[in-house]
There are 2 protein chains.
Amino acid sequence: MTDSIKEPLKDKIIEHIYNAIVNEEFKGGDQIKELHLANSLNVSRAPIREALSELVSLGILEQKTRKGVFVKEITSKDIFDTYESKGILEGFLALEFILRASKEDFKKLYEYVDEMSIETSDRKKIVKIGELFHKTTLKYSKNRTLLDFLEKINKKSQILFYKNWAKLYSKEEVKQRHLKIIKALESQSKTLIESTIREHYFETGTKIVLLREVK
Amino acid sequence: MTDSIKEPLKDKIIEHIYNAIVNEEFKGGDQIKELHLANSLNVSRAPIREALSELVSLGILEQKTRKGVFVKEITSKDIFDTYESKGILEGFLALEFILRASKEDFKKLYEYVDEMSIETSDRKKIVKIGELFHKTTLKYSKNRTLLDFLEKINKKSQILFYKNWAKLYSKEEVKQRHLKIIKALESQSKTLIESTIREHYFETGTKIVLLREVK
DNA sequence: TTATAAAATATTGTCGACAATTTAACTTAA
DNA sequence: TTAAGTTAAATTGTCGACAATATTTTATAA
């Protein structure tokens, strides 16, 4: 692990565990043993424990008292629930957008949608633009409680479901899906906005689950 | 602190801090110093740190790197947001109820409402019954992500806003407010259910904030 | 051989100490 | 007296060791 000054060890350890999970060095059900990690990273158990408990609170790991910390098994239900939750939260939070959005905000949304579908965009870039799109729809939201929670969910799903994002939708589909959200926002109808955004994520959750079941 | 075997120290410490906050021995903005707590509870800093970081993740305390852990200042906005969030979550989660609820479930809801308004019930009991009421409306909800989050919010608001619950509503008002929710559930209309439950909490949040501003 | 009990090992929980950093107290200069 | 700089104290971050518990291995008996 590279060490720079100032940043607490805990945070670097968290990063390390993230990567280990993404790279499937740690798999669902695996126990993460403090001393092993400590030795392999050349640190003591103290910052390891801090990192672990933070990841437990994020819902990525699971603590069993006096047994240890384990990588959570991800069920299809978990995935579905996660996307459903994103839909509920973003659907509501985006309502602030219609109260405050400027012409420029909408213009930006259309720009993002265009970028999603241009030939040269690779998957990774499209994901990135998607994030910007959704962040824009939330830019006027002020409910810290819900925003923080949404952030946690996003972090978690980024880590756990990253692999699935690969070929869920074609470029054209991505474009259409997001255009639909813009149309809903333009309609100014609260119920339409909420249901559209919910549907947006519901569809993705369902798709990922299906993909998994097949495999 | 009373010590019994088996339970990790961390949990007892958390309990202790809860109480200290409720009893206003710790006030918003106060720094909680590890060594002080450790000494006064006759334990080492290790379990103290674990307890603190858990309360940080609950959102009750706030960590500033290398500065310390502080009791969060609660603003009116926080209170409002918390109740708004409860409304959003419960409003959605309760939708499962109408798909699966039996006659007995509804009967139970009516019973709770009755208990709320009988002469002998004191404030504390009414709060307790209120919890049972809401728990019942969620009994068929299965989205772990949202349920866990709601639980966190409830825990937090119990600790932080407990004092406010005293005289927000008269017994009759409490009854009417919950009857309204039952009626919404009976209507089977999803939009009505969600908006009613949202309104239910929105009203409470607004009231608490008003009460605060006056004082 | 298999099942059970005992011993040995591994792992988490807790502790006290030191290091790094921040905060408070003190000094000195204007 | 006040402001800035310096020193001392307090506080968090990290460490290695021991205690308590859980797991694995070994030994024993049927």
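Because the structure is a prediction, the values reported are computed rather than measured.
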**Report entry** Interatomic distance where NE2 belongs to B:H36 and P belongs to D:dT12 [whole Å]
**Finding:** 8 Å
Report task. Provide the closest heavy-atom pair for A:I159 versus A:V22 in the form atom of the first, atom of the second, distance. Result -> O-CG2, 3.8 Å
Query - Nearest-angstrom distance from the residue atom CZ of A:R66 to P of C:dG13 - result: 7 Å
Query raised in the report: How many Å lie between NZ on A:K64 and P on C:dT11, as a whole number?
Result: 16 Å
Query raised in the report: For the ring pair A:H134 and A:Y201, is the centre-to-centre distance below 6.0 Å?
Result: yes
Requested in this report: Describe, in one word, how the ring planes of A:F106 and A:F97 are oriented to each other, choosing from parallel (under 30°), tilted (30 to 60°) and perpendicular (over 60°).
Outcome: perpendicular
Query raised in the report: Between D:dG13 atom P and A:K10 atom NZ, what is the distance in whole Å?
Result: 8 Å
Query - Residue-level proximity of residues 44-56 of chain B to DNA chain C when a heavy atom falls under 4.0 Å - result: B:S44, B:R45, B:A46, B:P47
Query raised in the report: Between C:dG13, D:dT11, D:dT14, which nucleotide has the shortest distance from any of its atoms to the side chain of A:L9?
Result: D:dT14
Query raised in the report: Does one side chain, of B:S76 or B:E213, offer a donor that lies under 3.5 Å from an acceptor on the other?
Result: yes
Report task. Find the distance A:K67:NZ to C:dG13:P and express it as a whole number of Å. Result -> 11 Å
Query raised in the report: Does B:Q31 put a side-chain nitrogen or oxygen below 4.0 Å from OP1 or OP2 of D:dT12?
Result: yes
Query raised in the report: How many Å lie between CD on B:Q63 and C1' on D:dG13, as a whole number?
Result: 10 Å
Report summary line: Looking only at heavy atoms, the pair that brings B:F133 and B:Y112 closest together is CA-CD1, 3.8 Å
**Report entry** Euclidean distance, atom CG of residue B:N42 to atom C1' of C:dG16 [Å, nearest integer]
**Finding:** 14 Å
Query raised in the report: Do we see a donor-acceptor contact under 3.5 Å between the side chains of A:S157 and A:Y83?
Result: no
Query raised in the report: Please give, in whole Å, the distance from D:dC15 C1' to A:L41 CG?
Result: 15 Å
